[in-house]
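Structure record follows, encoded as structure tokens.
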Amino acid sequence: MIVFAFLLIALVVVVAGVTLAVAGGGSEAVLPEAEPDRLSDALPENRPVVRADIDELRLPVAPRGYRMSDVDEVLERLAAELAERDARIAELTAAAVPAGGSAASAGPADGSVDLTKAAEQ
């Protein structure tokens, strides 16, 4: 019987405390509205992206992960710059190959040495 009375009193105190906390705020909200996270340090617009920019990039977290629009924006920018660099590499590779030769006769693209040809010489 004593335990039941103690639990009943504790329940009344908790309910009263929650009621006062909720009703005591008046017209204002109990917690202020949080401003949503936004991408604050975006990739630089005035120069190409470098490795340090990617290392420092932090995408804001949303309730269910990352904001899709922020991730899409970063991926589109990186894809465009990679496509531009690939085109420039292809252009420079084509210019480096002799006019009458082919890319295969110029040697491996990665700059490695073919050990079978080196052993024959």
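The chain is numbered in sequence order, starting from 1. Just so you know, these numbers come straight off a predicted model, no measurement behind them.
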**Request:** Check step by step if side chain to side chain contact (heavy atoms under 4.5 Å, CB included) holds for L7 and L11.
**Result:** CA-CA 6 Å; L7 288 176; L11 180 64; over 6 Å; no
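Other residues sharing the hydrophobic cluster of I9, ordered by chain and number and joined by side-chain separations under 4.5 Å: V13.
Distance CE/M68 to CG/D70: 11.0 Å, rounded to 0.5 Å.
By the rule that hydrophobic residues join a cluster once side-chain heavy atoms approach within less than 4.5 Å of another member, V74 and I54 end up as members of one cluster.
Shortest non-hydrogen contact noted between R77 and V49 is NH2-CG2, 3.8 Å. Considering every non-hydrogen atom in both P48 and R85, the closest pair reads CB-NH2, 3.7 Å.
Scored by the side-chain hydrogen bond (donor to acceptor under 3.5 Å, both in side chains) test, D53 finds R47 as partners (sequence neighbours excluded). Legend: residues meeting side-chain hydrogen bond (donor to acceptor under 3.5 Å, both in side chains) with E91, ordered by chain and number and at least two apart, are R88.
Applying the 6.0 Å contact sphere to CD of E84 captures no more than 12 heavy atoms from other residues, nucleotides or ligands.
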